[in-house]
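Each chain gets a letter, A, B and so on, in the order its sequence line appears, and its residues count up from 1.
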There are 2 protein chains.
Amino acid sequence: MPDTKQRIQDVARELFARQGYTGTSMADIAGRLSITPAALYYHYKSKADVLDALLAEPLAAYAELATRAAELAPADLLAAFVDFTARAHTVIPVVTSDPAVRDRLDERFPSSPKEMMVAVIAALAGPDPDRAALIRAHAAFAVAKEATAAVLATRTLESPDRDEILASALRALTA
Amino acid sequence: MPDTKQRIQDVARELFARQGYTGTSMADIAGRLSITPAALYYHYKSKADVLDALLAEPLAAYAELATRAAELAPADLLAAFVDFTARAHTVIPVVTSDPAVRDRLDERFPSSPKEMMVAVIAALAGPDPDRAALIRAHAAFAVAKEATAAVLATRTLESPDRDEILASALRALTA
DNA sequence: GTCTATACTTAGATAGAC
DNA sequence: GTCTATCTAAGTATAGAC
């Protein structure tokens, strides 16, 4: 990928995460790069196109994880999900902090993040889960996602913290 | 509160939650009520004013909880937080799904949701917490918030589900 | 590859009639 | 309490020069 496209993505990712996709204008992105909004349209044909380029790779990684979810033991699935969350942590707020982004993903991709989350939760809940098992699956998922995000807000994710998160998530899962 | 103001708040709360505050126009709100945008300005002096009216009560309830947090045992604090989440579940997406709302609350209220969350986490982590204890506190907080939201997405929160959530959150908290 | 200029649209908000 | 009409600002996007 050419250098300019990469720099546009980097700036857009940061601004979309901080201000939301709807709350970020092409002028905001251009201003950060000290170019005019019109120049952005040489590299991307629309604002939505910048978003798509930004999300493509993390979304594919999430889809891959969701596909393997059913085959993995809960501990391994939670570990894989924590690692995914750590790798994707700069884009996750882009998706979660703007309903317009979620809507776009729902209509544009066959498997949206929402559906992938459902697959992971189902795998954690096990076969024929009752309501309590589903709650525990949601709980473990929440721990893996939010505790990882909390750590990454202040530093990189090292082994001791990762182990603590996984142990906590497993306790939440297992009655 | 007059009937019309109440109906404006109800519609605004639903649309802000579904489309985000930034992604919802006064025309959207007015259209749902079959009036013109101009009519809204007789009841509220600005769009931000509608938001403030909507959040005032839940925010006060959260502040009250945050104040009592240090005095409560972890199990009682988690129970209180689950119950708060259940009561406020229609407005929580309004705050979480739009960075513009969070920014506004940060500058407009002395104690923003972020600071209140920190107070709750600190109480759950106990005195002089190490990194592991902070992670477990974040984990328990995440369970209480997300598992409650998951249940409320499909039905009301009844005792068995509430008990399951609290048990899971406590396991996440306690090594 | 970036600029200036501009077309087009939508949004927040106000004035004044009814 | 709601309407029509309107102002202003901002946003996405394009055309064409450099």
Asks: Output the rounded distance in Å from NE2 (B:H43) to P (C:dT14).
Replies: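 Spelled out: NE2 on B:H43 to P on C:dT14 is 15 Å.
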Asks: Check every atom of C:dA11, C:dG1, D:dC3 against the side chain of B:S25 and return the nucleotide holding the closest atom.
Replies: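 Taking heavy atoms from C-beta onward, the closest nucleotide is C:dA11.
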Asks: Taking the six-membered ring of B:Y44, is the NZ or CZ of B:K5 close enough (under 6.0 Å from the centre) and on axis enough (within 45°)?
Replies: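 Yes - B:K5 lies over the ring of B:Y44, closer than 6.0 Å to its centre and within 45° of its axis.
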Asks: Does B:Y41 make a side-chain N or O approach to OP1 or OP2 of C:dT14 shorter than 4.0 Å?
Replies: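 B:Y41 to C:dT14 OP1/OP2: no side-chain N or O under 4.0 Å.
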Asks: Distance check needed: C:dT9 C1' versus B:D28 CG, whole Å only.
Replies: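 Rounding to the nearest Å, CG of B:D28 and C1' of C:dT9 are 14 Å apart.
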Asks: Nearest whole angstrom, please: distance from the P of C:dA11 to the CE of B:M26.
Replies: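 Taking atom P of C:dA11 as the reference, CE of B:M26 is at 12 Å.
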Asks: May I have the distance from A:I29 (atom CD1) to D:dG11 (atom C1'), rounded to whole angstrom?
Replies: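 So the CD1-C1' distance, A:I29 to D:dG11, works out to 12 Å.
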Asks: B:Y21 ring centre to B:K47 NZ or CZ under 6.0 Å, with the angle to the axis within 45°?
Replies: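 Yes.
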Asks: Does A:T36 reach a base, just sugar-phosphate, or nothing at all? Heavy atoms under 4.0 Å.
Replies: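 The residue A:T36 makes base contact.
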Asks: If I take atom CG in residue A:L40 and atom C1' in nucleotide D:dT14, what distance separates them, rounded to the nearest angstrom?
Replies: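 So the CG-C1' distance, A:L40 to D:dT14, works out to 14 Å.
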Asks: Pairing donors with acceptors under 3.5 angstrom, does anything connect the side chains of A:Y62 and A:E57?
Replies: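 There is no such pair (donor and acceptor under 3.5 Å, judged by atom type) between the side chains of A:Y62 and A:E57.
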Asks: Grab the NZ-C1' distance between A:K5 and C:dT2 for me, whole Å please.
Replies: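 One finds 16 Å between C1' of C:dT2 and NZ of A:K5, rounded.
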Asks: Can you tell me the distance, in whole Å, between the CD1 atom of B:I8 and the C1' atom of D:dT2?
Replies: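 One finds 11 Å between C1' of D:dT2 and CD1 of B:I8, rounded.
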Asks: Of the nucleotides C:dT14, D:dG1, D:dA15, which one has an atom closest to the side chain of A:A38?
Replies: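 When the side chain of A:A38 is considered, D:dA15 is the closest of C:dT14, D:dG1, D:dA15.
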Asks: What is the nucleic acid contact for A:T22, judged by heavy atoms within less than 4.0 Å: base, sugar-phosphate only, or nothing?
Replies: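 Counting heavy atoms under 4.0 Å across all strands, no contact is made by A:T22.
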Asks: CG of B:L33 versus P of D:dC3: gap in Å, rounded?
Replies: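 These atoms are roughly 10 Å apart.
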Asks: Go through the steps for B:M116 and B:L65 under the test side chain to side chain contact (heavy atoms under 4.5 Å, CB included), then give the verdict.
Replies: CA-CA 8 Å; B:M116 295 191 253; B:L65 191 159; over 6 Å; no
